[in-house]
Amino acid sequence: MRADEERIGDEVFAARVALGLRELDGVEHAPDVSDEVSRRLALAEPRAARSPWRWLTAVAALLAIAVTTAVLVQHNRGGGDGGTAEAQGQDPIGPSGAVRLVYELPAEELQRAVARKAGQDAESLIAETVACLQRRVGELAKVTRGEGNTVIVMFDLKRPKEDLGRVEALIGADADLEMRIVASDDYVNGSVRFRLKRERERLNAWLAVPGNKELLYDNPRNIRRFNDDEADGPVAFGKLAWYPHLILPAAGGDRWEPPYSYVQMLASATVKAYDDAEYADGVSEAVRARPQNKRYLIELLAINMDERHFTGKDLDPAGTSVDRAGVLSFRIIDALAGDYADWSEKYLGRCSAIVFNGVVKSAPRFESRIPGRGVIHGLWGEDAAAFAKLLSMPLAVQPELQSRTMVGPR
Amino acid sequence: MPRVQLATQGSTSADAGAFVREHQTAVWRYLRLLGADPATADDLLQETFLRFLRRPGPHPDSGAILRTIARGLWIDRHRWLQRRRVVQWAEHVDEALARAVDPDQDLWLDALHACRDKLAARARCALDLAYRDGLGRQQVADQLGLSPNTVRNLLAQTREVLRQCIEKRVRECEGGA
């Protein structure tokens with residue numbers, strides 16, 4: 001008995017020595033969680049007011065917990081999609097140590113996603129997001145559910161360091177796709193109507209302000225500064241917005257691709273953010289000296305924000321593919337295919353704008369009623385495959401990186 | 001050592017921050033000693049404070065309550081079949097800490113630091129390799145050019161020397177305090 005106590009005492013002592021040495025030598029140390037705890041305390045939801053419905057709410061909550069538990073039990077038995085290493089008793093930290101990325105799924109975004117996806121609760125959305133992130137990063141890292149609304153990504157340091165950048169890019173990548181109608185003078189919806197000549201004048205005045213054009217070339221999405229300016233932005237503020245279209249070097253590299261201002265259907269909705277000489281002289285040496293992803297001229301296309309539109313979340317992930325030429329084919333989910341067909345029919349002969357991450361990629365003209373399928377041209381080389389991959393693995397909620405810490409080897 | 005006593009109801013964010021900073025290292029060390037890996041300890045550390053700070057009323061012995069919450073969270077992390085082992089180990093840890101004059105382990109850590117410096121070079125090297133770096137007996141033996149059995153005996157002797165040294169220093173500090 002005494003020998004047992006001594007052995008146990010020795011084991012505890014050895015454990016204390018091991019941890020003590022690691023702390024003394026700076027291998028690991030206690031994190032400072034004070035800010036995070038204060039933040040989470042401040043975010044804590046107020047207690048629900050007492051109401052006759054509270055018992056009903058409690059029963060519903062218990063049922064939800066029971067269902068979630070059942071799902072988790074199934075998940076732990078290996079039935080879940082993208083089962084986590086921790087849940088399956090595997091150690092995600094290799095002998096080389098790991099980098100631990102903690103992402104948060106913002107509560108407000110989760111609530112919005114729950115409202116959008118009837119029949120799904122926050123728990124199932126988080127589980128779906130974890131599984132989707134695991135599919136995105138594949139073998140590069142292990143994705144697990146963290147506490148609350150957090151997701152933990154463990155990157156084993158035995159992998160090349162550059163893979164960590166790939167993991168972060170894959171997780172942070174947001175394939176934000178919008179399909180909208182290009183604004184036109186004849187659009188009328190109650191009191192909403194557009195005067196494109198006045199809109200162009202307003203935007204040209206903004207571009208003439210020193211620094212604004214540079215701002216745009218620094219990041220084309222900075223056009224939102226104009227769009228969000230109620231005083232000096234679009235005349236039809238909130239109903240019309242300008243989106244950048246990048247004119248790229250044509251094949252061969254000496255000339256530019258044709259701009260939208262050359263397309264009769266689009267000319268009145270387009271404003272150039274470059275001088276005519278810049279276009280006419282072709283791709284200059286100065287442009288060639290820029291990084292490849294900065295070699296472009298910018299023009300801006302007026303988009304009707306009042307009319308219905310479709311987004312990447314309306315696409316069927318299984319129906320998204322890309323061919324060798326970089327043409328991305330998509331299919332609208334069955335529930336909205338009829339709406340999309342009606343929408344395309346309403347605008348027969350007009351142009352829609354396909355916008356990826358805030359930049360117009362193409363502006364195809366509706367030639368016929370489209371029964372929920374389409375193609376997107378104008379993607380940059382490998383981007384097409386990357387976009388297709390992201391669209392086939394859409395995230396209901398975009399995670400936000402909260403912390404990046406090194407975890408010592410076991 | 002002064003302790004921040006927090007009445008959680010009506011406490012401000014600044015109070016909470018100061019309270020967390022005061023106790024977080026001790027709770028984290030405790031979680032690590034229970035067997036939580038660093039990442040899990042980080043997670044449970046936050047959760048421990050959130051649970052504590054959401055409880056009403058003042059807490060005269062915050063450290064003990066924090067350890068109780070942390071221990072509960074750590075045990076909850078394990079499936080039923082693993083819990084017996086986890087609970088047993090937690091009991092051993094608690095017994096060891098109950099005998100310690102400073103459950104936060106600051107004194108103990110200072111003593112470890114001083115006592116390690118007094119060890120013979122070979123003993124210290126073996127200690128660092130085996131405990132700090134987590135190498136197995138064979139690996140330590142390879143690095144030191146010793147047999148595994150010699151390493152086992154060397155580590156046992158070193159632990160004993162270290163234990164006596166630490167206890168002596170902690171007693172002295174206790175007496176001097």
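Each chain gets a letter, A, B and so on, in the order its sequence line appears, and its residues count up from 1. Model, not experiment: these values are computed from the prediction.
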- When only pairs under 4.5 Å are counted, which of A:Gly9, A:Ala14, A:Pro31 shares the most heavy-atom pairs with chain B?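 The option with the most such pairs is A:Pro31.
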- Item | Choice from A:Gly146, A:Gly148, A:Gly20 maximising heavy atom contacts with chain B below 4.5 Å |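 If we count pairs closer than 4.5 Å to chain B, A:Gly20 comes out on top.
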- Message: Once rounded to the nearest 0.5 Å, what's the spacing between atom SG of A:Cys132 and atom CG of A:Leu125?
- Response: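 A:Cys132 atom SG to A:Leu125 atom CG measures 11.5 Å (nearest 0.5 Å).
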- Atom CZ of A:Arg166 and atom CG of A:Leu140: how far apart are they, to the nearest 0.5 Å?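 Here the interatomic distance stands at 5.0 Å.
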Any ion pair linking [Y] and [X] (charged N to carboxylate O, less than 4.0 Å)?
{"X": "A:Asp163", "Y": "A:Lys158", "value": "no"}
{"X": "A:Glu147", "Y": "B:Arg77", "value": "yes"}
{"X": "B:Asp133", "Y": "A:Arg22", "value": "no"}
{"X": "B:Arg124", "Y": "B:Asp117", "value": "yes"}
{"X": "B:Arg32", "Y": "A:Glu23", "value": "no"}

- Message: Only heavy atoms, only distances under 4.5 angstrom. Which residues in residues 151-168 of chain B are near chain A?
- Response: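 The list, in residue order, reads B:Arg159, B:Leu162, B:Arg163, B:Ile166.
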- Toward chain A: residues of residues 135-146 of chain B with heavy atoms under 4.5 Å: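 So no residue qualifies.
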- Task: Below 4.5 Å from any heavy atom of chain A, which atoms of B:Leu127 appear? Answer side chain, backbone, both or neither.
- Result: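 Both backbone and side chain.
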- Query: Between A:Glu11 and chain B, which part of the residue has a heavy atom less than 4.5 Å away: side chain, backbone, both or neither?
  - Reply: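 Both the backbone and the side chain of A:Glu11 come within 4.5 Å of chain B.
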- Look at the side chain of B:Thr40 and the backbone N and O of B:Ala36, then say whether any donor-acceptor pair between them is shorter than 3.5 Å.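 Answer holds: no.
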- Message: Using side chain to side chain donor-acceptor pair (under 3.5 Å), reason through B:Asp94 and B:Tyr30 one step at a time and then give a plain yes or no.
- Response: CA-CA 9 Å; B:Asp94 285 345; B:Tyr30 178 67; 2.6 Å; yes
- Message: Please enumerate all residues that pass side chain to side chain donor-acceptor pair (under 3.5 Å) together with B:Thr68, with sequence neighbours excluded.
- Response: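 With neighbours one apart ignored, the set is empty.
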- Task: With sequence neighbours excluded, tell me which residues meet side chain to side chain donor-acceptor pair (under 3.5 Å) with B:Asp110.
- Result: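 Applying side chain to side chain donor-acceptor pair (under 3.5 Å) to B:Asp110 gives none.
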